[in-house]
Amino acid sequence: MAEALRVGIAGLGTVGASVARVLRDKAAELTRQCGRDIVVTAVSARDRKRDRGIDLSAATWFDDPVQMAEKADIDVFVELIGGDEGPARLAVKAALEAGRHVVTANKALLAKHGVALAEIAEKKGVLLNYEAAVAGGIPVIKTMREAMAGNAVTRVFGILNGTCNYILTRMEAEGISFDACLKDAQRLGYAEADPTFDIEGHDTAHKLSILTSLAFGTKIAANDIYMEGISNISQADIRAAADLGYRIKLLGVAQRTDSGIEQRVHPTMVPTASVIAQVHGVTNAVAIETDILGELLLSGPGAGGNATASAVIGDIADIAKSRPGFQHAPVFGWPAKELKPYKKARMRSHAGGYFIRLTVHDRTGVFAAIAKRMADNDISLESIVQQAAAPETQAQKTVILVTHETTEAAVRKAVEGITKDGHLTDKPQVIRIERAE
């Protein structure tokens, strides 16, 4: 049997402690599967005294994760610290430069520094594995990086944030407000005390940027993503979507077009009969469209200690199974130095149209003015519905517009014009209607 694989874990929060526990409890099974023992020989965290429910006394303790990355007696450095700078970045860089394999769950780090870190890993001949960074326990990275040889990806999209999906699911199922759902998500541990990173789309954008690089062989461009969160979604939108045969999901979408690569994160209306619409709660799902395979949908637990730990363990096991001299797959599917510069696609039309909700003054000429703004921007309307106002809001009406195929720029310009006309009593809502079967 080969020598034991020595693992150092930096960050002993929920995920780190779970990884150490699984490596201990499943030691015999992992040895049979990998052909060698996997042993935690070093750990690093801020608090030595905290009870983590597992005895780590046999491992060497390092207060400084960078020192552990450089000097510990380890083969694999597992980074579970978090953050795109500071100790996480310095420690991962140090481990790679020291010729150690790295496993990380840090999507923010990869979104910002992934290509530079990949170049170091490939130069040193070591692995940089990051399955846990995108969609939790769903093996989407391994699938795209290793299992789809010969396939040309045309589009990748999905539900990449469990917090947002949980909130939207409960809003629809129970008819409660966004704020009430968010408070419950925080109480249950699905949302952070400061949920901005999740609910405004940043988390989804980081994950999408990584999938984009894998799908299209481009450098990561997390700052070139159109991004909109779910904090503006109301019960009025949820009900209107249901009436029209749709369900609202926060999607991350990346696709190749004639003018470049389009990346966007935003609330989306998907047909209730589509597969993606059936993904509820904290579950994540990723759809990959290719020329050979067609469409592949992967779905499963997208967050939480066990799901993330499972992905980390899988990455460690892959390293344990590798042997010296074996040619590793490039970190992002293509050699890092061959990744193409990201070319942002120009605004274009899409097949589904747009849902527009306007709360307007109940007065003569409003409908005509709205119709004129739409016509001025070459927007064809599939339907226009006026909803009855509640007794206490008789001075205003809600108007629901559904457009035919058009462009984001045209819709935004038309809505901006309606706003300037002084007809609105509340902030307008614009949601894409996406073909997502």
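Just so we're clear, the structure is a prediction, and the values are computed from it rather than from any experiment. Values reported hereafter were calculated over all heavy atoms of this structure, with side chains retained and with hydrogens, waters and symmetry mates removed.
Heavy atoms of other residues, nucleotides or ligands lying less than 6.0 angstrom from CG of N306 number 12 at most. Applying the 6.0 Å contact sphere to CG of N223 captures no more than 12 heavy atoms from other residues, nucleotides or ligands. By the 6.0 Å contact criterion, CG on D47 is enclosed, its count of non-hydrogen atoms from other residues, nucleotides or ligands being greater than 12. Crowding of K427 atom NZ: a count of heavy atoms from other residues, nucleotides or ligands under 6.0 Å not exceeding 12. With a 6.0 Å radius and a threshold of 12 heavy atoms from other residues, nucleotides or ligands, E192 has its CD atom at or below the threshold. The local environment of CZ in R46 is sparse, with at most 12 non-hydrogen atoms from other residues, nucleotides or ligands closer than 6.0 Å. When the shell of 6.0 Å around NZ of K321 is examined, it contains more than 12 heavy atoms from other residues, nucleotides or ligands.
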task: Dump the intermediate steps for side-chain contact (heavy atoms from CB on, under 4.5 Å) on I313 and V19, then the final yes or no.
output: CA-CA 7 Å; I313 295 293; V19 168; 3.8 Å; yes

- prompt: Hey, mind stepping through T406 and H404 against side chain to side chain donor-acceptor pair (under 3.5 Å) and telling me if it holds?
  reply: CA-CA 6 Å; T406 185; H404 287 293; over 6 Å; no

- request: Could you check Q255 against F157 for side-chain contact (heavy atoms from CB on, under 4.5 Å), going step by step and ending with a plain yes or no?
  value: CA-CA 8 Å; Q255 62 190 75; F157 67 96; over 6 Å; no

field: Test log, rule side-chain contact (heavy atoms from CB on, under 4.5 Å), inputs H101 and V126
entry: CA-CA 5 Å; H101 303 293; V126 294; 3.6 Å; yes

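Side chain of D237 to main chain of S234: a donor-acceptor pair is present (N/O by atom type, distance under 3.5 Å, no hydrogens or angles). The backbone N or O of V331 sits less than 3.5 Å from a side-chain atom of Y130, completing a donor-acceptor pair. Between the E79 side chain and the G82 main chain, a donor and an acceptor come within less than 3.5 Å of each other.
Under 3.5 Å, the side chains of D426 and T359 contain no donor-acceptor pair of N or O atoms. Side chains of E262 and Y226: no donor on one and acceptor on the other come within 3.5 Å. Between the side chains of S177 and D179, no donor-acceptor pair is found at a separation under 3.5 Å.
Two residues are said to be in side-chain contact when any heavy atoms from C-beta on lie closer than 4.5 Å; V7 and V39 fail this criterion. The closest side-chain heavy-atom distance from K249 to N165 is below 4.5 Å. Between R432 and E408, the closest side-chain pair of non-hydrogen atoms falls below 4.5 Å. Considering only heavy atoms from C-beta on, N106 stays 4.5 Å or farther from V92 through its side chain. Within the 4.5 Å cutoff, the side chain of E382 has heavy atoms near those of the V402 side chain.
Of all heavy-atom pairs spanning G300 and I138, the tightest one is N-CD1, 3.3 Å.
Going from atom CG of L293 over to atom CG of N151 covers 5.5 Å, rounded to the nearest 0.5 Å. Atom CZ of R373 is separated from atom CG of D421 by 4.0 Å, given to the nearest 0.5 angstrom. To the nearest 0.5 Å, atom NE2 of residue H202 and atom CG of residue N161 are 11.5 Å apart. One distance of note links OH of Y246 with CD1 of I433; it measures 5.0 Å at 0.5 Å rounding. Of the inter-residue distances, the one linking R256 atom CZ with I261 atom CD1 reads 4.5 Å to the nearest 0.5 angstrom.
Under 4.0 Å is where a charged nitrogen must lie from a carboxylate oxygen, and between D203 and K207 at least one such pair does. Between K142 and D315, none of the side-chain N atoms (NZ, or NE/NH1/NH2) sits under 4.0 Å from a carboxylate O, so this pair counts as no salt bridge. Salt bridge E416/K420: present, at least one basic N to carboxylate O contact under 4.0 Å.
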